[in-house]
Structures are given as structure tokens and as C-alpha cells.
Amino acid sequence: MDVAPRTRFAPSPTGFLHVGGVRTALYNWLVARQSQGEFILRIEDTDAARNREEWVEGIFDSMRWIGLDWDELYRQSERRELYLRAAVKLEEGGKAYWCDCAREDIDARAAARKGPPGYDGFCRERSLGNGDGRALRFRTSDEGATIVPDVIRGAPSFDNVTLDDPVIVRSSGDPMFVLANVVDDLDMKITHVIRGEEHLPTTPKYLLLWDALGGGEHPTFAHVPVLVNEKRQKLSKRRDPVALEQYRDEGYLPEVMLNYLGLLGWSSPDGEEKFTIDEMLANFRLEDVGNSPAFFDVTKLRAFNGDAIRALSTDDFITRVAPWLQAPFTPWTPEAFDGEVFARLAPLVQERVFRLSEVPEMVDFVFLDDPPVDEASWAKAMKPHAAALLDAVIVSYETCPWESEDLKDRLIEAGEALDLKLKFAQAPVRVAVTGRSVGPPLFESLEVMGRERVLARLRDARGRL
RNA sequence: GGUCCCAUCGUCUAGAGGCCUAGGACACCACCCUCUCAAGGUGGCGACACGGGUUCGAAUCCCGUUGGGACUGCCA
């Protein structure tokens, strides 16, 4: 019974892709790709109230960016009839019933009997027909237990009495998540349900529904631990930076995102933490996925990203940083940018950034006519000796050969005349030219900028002292 | 409240009864290198939640406690 796996990633359109979702997508993708199976992308947009076409497009873009390709694509909004037919079948088979209880009624009854909150099966035997304001509920069993065999959690068992009858069709006539989910998994012949741990408590309902629909053999489940924040709460849209798109815009490399996400809950057998998607493909095993929540630590992601950027060839780096060298990421005008100048600075910058979005601010002084001056840097660098030093450097730079080595030697000379070590002598020049106390190596930057512009800035700074 | 899940350095993890005076990575600290900042090099700090069992022997197995989390929607 070794059938090729069919796995699925089922995001709902919310305007962005949740990094936790991307990780489960990755695991699903790996399982499918490892064994000539199929990876299915299913847009769970049954909630018409929040469903925008551009959000769906965004999911496609992000999936392509991260490199997870899919074999089949479905949108639940286009499959409504299928779910409704299943609902009718359940109702006709006596496995679902109509209910007109309002939330307040349900809560009031729960409070009155001092029992746990939740639906009490009030309408089970009322034999209500379909009608205005009525929702269809699935009748769960009151006897026995449902166990969920799970690749990474063992076999948690749930007593069926604790299961509320879930609404499967809203009073609006729209199908609900559980129904659509089970019907689709059945219809699409999904073999592995790999999803977030938050779905584990509702899996018994899934299984009961599966059986009621005559589904036969159950899929293999793997409920992967949630991703948490520093307070160990599930990563949420409201309080945590969870959007994959945000990381993309900040200049994290897609292969690093995948690597880091893969590392959260799984480790390579050889203990190597840096791995490619192909290496993951070769070594990944679902049963090796950990079972405790992992903190999404951007600090480590950042470190890995910096390493990956430095490992790029200069040409690759230039190619990949290109999008950040234009609007809206740059303070300079398009005409002011010079690709050849940037190419000379690129290796210097490449070694100093952790995210591609940090590049513009590191080279902006080269492409801006009048770069902003950081006041704190100015105050720190422009000590009493600065005037004399700048005077000397200006004179020296007016005639010296315009090569970084010469520029360095001349500054050393000027500094020594004032009894300043290079460490201190370079500061006024750096701030005068770049506006800041930190940046790429100074003399290479000066060389690239050219004598006239450098001299102009030095004189300008001297004048402000 | 109920149901379920989880528990090794600050963080991600290695660890499937002796290989563990618990290994690696990120972070942090110190030193070296150095034109700033990074990078790099060297070294350091740092954990088996607690209590009972089982066993010759437990981070590893069992039970309990404590702690954390998820779910408990006519959201997905």
C-alpha cells in the first residue's frame, strides 16, 4: 500500500503568509517531493467576508518567492456545491440536524446548568427543517473515544462525549471550515495531513466527519508544534512580526528563510545547521520533527542571513540586492545612482550587512549630493584637533594620487603631524564625507567618490567648524 | 472551568538506559586582528523544572507535582 503521498498546504487569504504556515507548507512539500508525490495548494476562502483576490495573488507570489511549487491548485470558494452536497448527504443520513440556537442562548444554558461552555445538543431531536436563521450541525457520537494516530504525537485519545456538535453549514448557507476541510481531503485523496498543532483538538471531529462521509482509510496525521514568541505564546498577527512578506522586504534570502524555518523543530542527522532545500529533501523525516513549541528567534535568522549574504559571489550579491537599490528603498534619485560605482563598493558592503535592505543606508552618501549628517557622530568626531586636521588633509588631497592606499598614507601623515593615530585621524574625515561615524572602509569610498566631491565635502565640513 | 499537547544552556537543538564531568549553533562576555563598523580568530559563561519510582546504572522508562501552551466560534 505504498501509494505516493499527496500533501497539501491550505492557507486562507489574510493579506500575508504566516511564517508558521510556511513551515508546515515546507514539511508538506518535502514529504511530497521526497517520494514522487503531489503537493497541493488549496486556498481556504470559504469565508467570503474576508476574501480578496489580491490576497490570493499574494499567496502565489510568496510561495513562488520561497520556492515551494505546487502540483495542483484549488480554491474552496469554487467548490461550494461539493461541500453542500456532502452536507445534504449527512442530513439525509440523520448525521446532521438543523439548529436555530443563538450564541447567547447556548451560553445562557451553559451558565444555568453551571457546566462547561459549549453547545449542548439542544436541537438534536427537534427535527427542525432548513429555514431562516438555521445552521446545520454535525451529530457527534456520545460514546466511545476517538484516537488520533499522529506521527509526532503518538495517539492522543478524546472521549467523544466531550465533543460538541460543530456547525457545518452556516445559516447563510455557506459551508464551514471543518466540512470543507474533510470533503476536500477526501476528494483530493490527501494521504498526509501535516498541519499546526492548534488543529489537534478538532481532529476527532474531522475523523468522525470523515467516517460519516464514508471516507475509508484515514490519512496520516502530523501535528507540528506551533511557533511562539518570546513569551511563549503562539505567534499572532496582532502582536508579532509573522508575515513572510515582511521578511522578504527586509532582505532575508528565501533559501535562508527556508533553512531557518526547517531548523525550528527539525535537525539534520549530521548536526549541520546550514543546509539547502536539496539537503533537506535528502534527510528530512516527518517522524523526526520535534514536539515542543519553538521560539521564532529573529536574531539567529539574522545571523544566518548575514552568513549567507557573505557567502554569495559579488556578482550574485549585486544581482540580488538590485531591488533595494531603487525606489522605494532608496533616498537618492534614480539618475544619481551609478551601477559601476556601486559594484566597486559592493564587496565592502556585502561583508557588513545582515539584510539586503540595510545596503542603501550604507552607501547613500555616495549617491546623495548632500547626505544627512548624524549629529552624534559629528559631535564625537569633530574634536578641537579636527580643524587643523581637515585643513591638512584638504591640502594633501588636492594633489595626491587618487588611490585608496595613497589617500590612507596622506591621512596618516596628516594625523601624525598632530600626534593622532589613524584610528582618531580618520574620524573627522569620515564624518565630513559620509555624515556618519560608521560605514564601509573609508579610503576605498573616497577613491570611488572622486577628488572633487570629496574635497567639496571636506571644505564644507571645515567651514562648519 | 473542560479537553488535549508540551517540558535539556537566554534561544534553536543533539541526546532513543551506561559513549554525558550533557555536544553544537545563535546570543552574550573577554582577548587578538583592525581606518570606523562589521567580518574573522582564540577562549569563556551557560541547561537535563521538581518529587517519587523501575534499574547494577536514567537527561533518556513509569507515576505524580509544578510550569507553559493550544483548543473550547454560524473564523480558518
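Residue numbers begin at 1 in each chain, while the letters A, B, ... track the order of the sequences. Source: prediction; values computed, not measured.
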Quick one: label [X] by what it contacts on the DNA or RNA (base, sugar-phosphate, nothing), any heavy atom closer than 4.0 Å.
{"X": "Glu444(A)", "answer": "base"}
{"X": "Leu263(A)", "answer": "sugar-phosphate"}
{"X": "Arg103(A)", "answer": "sugar-phosphate"}
{"X": "Phe424(A)", "answer": "nothing"}
{"X": "Phe177(A)", "answer": "base"}
{"X": "Gly439(A)", "answer": "base"}
{"X": "Pro156(A)", "answer": "sugar-phosphate"}
{"X": "Glu44(A)", "answer": "sugar-phosphate"}
{"X": "Glu198(A)", "answer": "sugar-phosphate"}

Euclidean distance, Asp419(A) CG relative to His385(A) NE2, rounded to 0.5 Å: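 Rounded to the nearest 0.5 Å, the NE2-CG separation comes out at 11.0 Å.
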I need the Met176(A) CE to Arg137(A) CZ distance, nearest 0.5 Å. 9.0 Å
Rounded to whole Å, please give me the gap between [atom1] in [X] and [atom2] in [N].
{"X": "Gln426(A)", "N": "A38(B)", "atom1": "CD", "atom2": "P", "answer": "13 Å"}
{"X": "Arg195(A)", "N": "C75(B)", "atom1": "CZ", "atom2": "P", "answer": "18 Å"}
{"X": "Leu128(A)", "N": "C74(B)", "atom1": "CG", "atom2": "C1'", "answer": "15 Å"}
{"X": "His223(A)", "N": "C5(B)", "atom1": "NE2", "atom2": "C1'", "answer": "11 Å"}
{"X": "His199(A)", "N": "A70(B)", "atom1": "NE2", "atom2": "C1'", "answer": "11 Å"}
{"X": "Arg238(A)", "N": "A76(B)", "atom1": "CZ", "atom2": "P", "answer": "21 Å"}

Measuring to OP1 and OP2 of [N], would you say a side-chain N or O of [X] lies under 4.0 angstrom away?
{"X": "Arg134(A)", "N": "C74(B)", "value": "no"}
{"X": "Asn229(A)", "N": "G69(B)", "value": "no"}
{"X": "Lys234(A)", "N": "A70(B)", "value": "no"}
{"X": "Thr14(A)", "N": "A76(B)", "value": "no"}
{"X": "Arg436(A)", "N": "U36(B)", "value": "no"}

Measure the acute angle between the ring planes of His218(A) and Trp210(A), then classify it against the limits of 30° and 60° as parallel, tilted or perpendicular.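 Ring orientation of His218(A) relative to Trp210(A): perpendicular.
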Could you label the plane-to-plane angle of the Tyr27(A) and Phe284(A) rings as parallel, tilted or perpendicular, counting under 30° as parallel and over 60° as perpendicular? parallel
With a 3.5 Å cut-off and heavy atoms only, can you find an N or O donor on one side and an acceptor on the other between the side chain of [X] and the base of [N]?
{"X": "Arg153(A)", "N": "C5(B)", "answer": "no"}
{"X": "Lys300(A)", "N": "A25(B)", "answer": "yes"}
{"X": "Arg232(A)", "N": "U11(B)", "answer": "no"}
{"X": "Arg430(A)", "N": "C35(B)", "answer": "yes"}
{"X": "Ser171(A)", "N": "C74(B)", "answer": "yes"}
{"X": "Glu230(A)", "N": "G10(B)", "answer": "no"}

Between Arg462(A) and Tyr397(A), is NZ or CZ placed under 6.0 angstrom from the six-membered ring centre and within 45° of the ring axis?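 Here Arg462(A) fails the 6.0 Å and 45° test against Tyr397(A).
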Pair partner, [N] [Watson-Crick or wobble, under 3.5 Å]:
{"N": "A58(B)", "result": "none"}
{"N": "A30(B)", "result": "U42(B)"}
{"N": "A76(B)", "result": "none"}
{"N": "G67(B)", "result": "C6(B)"}
{"N": "A25(B)", "result": "U11(B)"}
{"N": "A16(B)", "result": "none"}

Do NZ/NE/NH1/NH2 and the carboxylate oxygens of Arg103(A) and Asp107(A) come within less than 4.0 Å?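 Judged by the 4.0 Å cut-off on N to carboxylate O distance, Arg103(A) and Asp107(A) do form a salt bridge.
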Nucleotide nearest [X] (side chain, heavy atoms from C-beta), chosen from [options]:
{"X": "Ser267(A)", "options": "C35(B), C4(B), U13(B)", "answer": "U13(B)"}
{"X": "Gln233(A)", "options": "A70(B), A38(B), A76(B)", "answer": "A70(B)"}
{"X": "Thr46(A)", "options": "A76(B), C35(B), A25(B)", "answer": "A76(B)"}
{"X": "Pro293(A)", "options": "C26(B), C12(B), C6(B)", "answer": "C6(B)"}

Qualifying residues under ring-ring contact (aromatic ring centres under 6.0 Å, His included), relative to His199(A), sequence neighbours excluded: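 ring-ring contact (aromatic ring centres under 6.0 Å, His included) check on His199(A) returns Phe177(A).
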